[in-house]
Number of protein chains: 2
Amino acid sequence: MTEATSADITGSGEETMAMRVVEALRDDIVTMAMKPGDVISESDIAGRYGVSRQPVREAFIRLAQQGLLLIRPKRATVVKKISPEGVRQSRFIRESIEVEIIRRLASQTRNDVPGVLAALIGEQEEASAAGDSRRFHILDELFHRTLARLAGVEYAWQLIDDHKMQLDRVRYLTLGVSSAQRAIAEHREIVDAVNRHDPAAAEAAMRAHLARAEVLLNQTIRDFPDYFE
Amino acid sequence: MTEATSADITGSGEETMAMRVVEALRDDIVTMAMKPGDVISESDIAGRYGVSRQPVREAFIRLAQQGLLLIRPKRATVVKKISPEGVRQSRFIRESIEVEIIRRLASQTRNDVPGVLAALIGEQEEASAAGDSRRFHILDELFHRTLARLAGVEYAWQLIDDHKMQLDRVRYLTLGVSSAQRAIAEHREIVDAVNRHDPAAAEAAMRAHLARAEVLLNQTIRDFPDYFE
DNA sequence: GTTCTGCATCTACCATACAAGATTGCGGAA
DNA sequence: TTCCGCAATCTTGTATGGTAGATGCAGAAC
């Protein structure tokens, strides 16, 4: 399967300069290599990547639409500061959708579900035991994405992926902090409820799991006030 | 209050040519003045609006990112056909969020809620009595948006607004069909449950209300098969 | 010492020119 | 008549120059 990059809007696996710039910049922003408030310019980035201003400009437009850049006409373009309210509402959206997903999953009967989820949790334990927090983060994301796929709404997950970038920036600031063991226990609780076909318990477990991000956000705002509005 | 257009990504109420083109094209697409499958080109639209290719190109990029256009490099740009699966998943997202909204609204106590909602339903009845289906559509949208605002997540509503455009295209194909009286009755049922502080009843009423779109979609696919993938 | 003015310099926006791939249609050969 | 190949002509992608507006600082006026 050819991996269509998330920057691809053509449908065919082309690759333009503009798309490369989009992905490079997005990666820099989400990983905090470019910090909120940083001022950049078309010429600046164009020179850095050895292309003209035109593809850079298009990349700026797309990243601005995703809420990562703020284009101030005739003035400058800056890496958007993180909006606590925006993060809060992105969490609301994510919780709404994930709760619906988990309820559907717990209500239906598919005998391949338990095996898939058990295998994922097993991998998470391996990563946790190895202290590989980067791999755990990827597996954590894959866990939630798999829930969406099993519920038949993987496309919906792709749609909220854009908004999740705001959460990812916060998450990246707190990488070492995350207690993987606790997250795994919560994952297990969710899966158990699904396997018992208990929608109410699954919903409660999912809400509790997602609620942990709230304290992380407040802590992060205290630690990095300059990165927030 | 100065109305910041939804195409504005600058934060300040500027207005560039590219933004004007975005709004004009989006309006044409959502109202089906431009039909799914229609082939357009940058030069074509540029000539039509008396601007150069550059702003048009930027507009294309933004509309492609919103799923309304499909840019096929070196080939052409077409008005994207409606994906039944995409519509289904957009409905899933909307239902997830609106259910969460209505449950929160029914759980909390704010004495200004009943008055606001009653007033809105009153306006809907006026529009329905006058046979003004366009105004009713606007009021219907305002009703749901107001629910989000009262629940404190109006920003979240703006985020799903993008995905709602897919639903709006279907809706526009069935404008005369919609039975406003029935919709109003369902709105009233939702509001009653909220006023009684009965989250379960409110959720059920909201799901029933949104479920009506499903039969409309299937009917529309039969009536306009060329507009769908 | 303080405030204001004007210019140098930055920005993003737009227009234009060129490049390269994709499509179409026509003409010739089998 | 059918099929193949080439060329004219589409398309979008990229580069570059010019323009108007915003900014910051230097120097004059008070």
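First the proteins, then the strands, lettered A, B, ... as listed; each starts at 1. Computation of the quantities below employed the complete heavy-atom set of this structure, encompassing side-chain atoms and omitting hydrogens, waters and symmetry-equivalent molecules.
Listed by residue number, the members of residues 33-41 of chain B with any heavy atom below 4.0 angstrom from DNA chain C form an empty set. Of the residues in residues 45-57 of chain B, those placing a heavy atom less than 4.0 Å from an atom of DNA chain D are B:R53, B:R57, in numerical order.
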Please tabulate, one pair per line, all N/O donor-acceptor pairs under 3.5 Å involving side-chain atoms of residues 146-156 of chain B, not counting sequence neighbours.
| from | atom 1 | to | atom 2 | distance (Å) |
| --- | --- | --- | --- | --- |
| B:T146 | OG1 | B:L142 | O | 2.6 |
| B:E154 | OE2 | B:R145 | NE | 3.4 |

Please report, to 0.1 Å, the donor-acceptor pairs under 3.5 Å made by any side chain of residues 221-229 of chain B, with sequence neighbours excluded.
| from | atom 1 | to | atom 2 | distance (Å) |
| --- | --- | --- | --- | --- |
| B:R222 | NH2 | B:Q219 | OE1 | 3.0 |
| B:D223 | OD1 | B:Q219 | NE2 | 3.2 |
| B:D223 | OD2 | B:Q219 | NE2 | 3.2 |

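Here the C1' atom of nucleotide D:dT9 and the NZ atom of B:K74 are 15 Å apart, to the nearest Å. With rounding to whole Å, B:R72 atom CZ is found 7 Å from C:dT23 atom P. Protein atom CD of A:E58 is 15 Å distant from nucleotide atom P of D:dT16, rounded to whole Å. Atom CG of B:L70 and atom P of D:dT11 are 16 Å apart (whole Å). Between the CD atom of A:E42 and the C1' atom of C:dC10 there is a distance of 12 Å, given to the nearest Å. Between A:M19 atom CE and D:dT12 atom P there is a gap of 16 Å when expressed in whole angstrom units. The nearest whole Å value for the distance from the CZ atom in A:R75 to the C1' atom in C:dT9 is 16 Å.
Remark: side-chain polar atoms of B:R48 are not paired, donor with acceptor, to backbone N or O of B:S43 under 3.5 angstrom. Proximity of a side-chain donor or acceptor of A:S90 to a complementary backbone N or O of A:G86 within less than 3.5 Å is detected.
The ring-ring contact (aromatic ring centres under 6.0 Å, His included) test applied to A:H137 returns no partner, not counting sequence neighbours.
Between A:K35 and A:V79 the shortest side-chain heavy-atom distance does not fall below 4.5 Å.
Taking only side-chain nitrogens and oxygens, A:T77 comes nearer than 4.0 Å to OP1 or OP2 of C:dA12.
Side-chain proximity of A:F60 to D:dT23, C:dA12, D:dT14: nearest is C:dA12.
Look at B:R135 and B:E123 and you find a salt bridge, because one of the NZ, NE, NH1 or NH2 atoms lies within 4.0 Å of a carboxylate O, short of that distance. Ionic pairing of A:K164 and A:E141 is present here: one or more N-O contacts between side-chain nitrogen and carboxylate oxygen are shorter than 4.0 angstrom.
For the side chain to side chain contact (heavy atoms under 4.5 Å, CB included) criterion with A:M206, the lone passing option out of A:E100, A:H144, A:R103 is A:H144.
A perpendicular orientation is assigned to the rings of B:H187 and B:H209, their planes being inclined by more than 60° (bins at 30° and 60°).
Within the helix from C:dG1-D:dC30 to C:dA30-D:dT1, the inter-axis angle between the opening and closing five-pair segments is 10°, rounded to 10°.
Inspection of the A:R26 and A:Q66 side chains reveals an N or O donor paired with an N or O acceptor under 3.5 Å.
Between B:M17 and A:D44, the residue whose closest nucleotide on DNA chain C is further toward the 5' end is A:D44.
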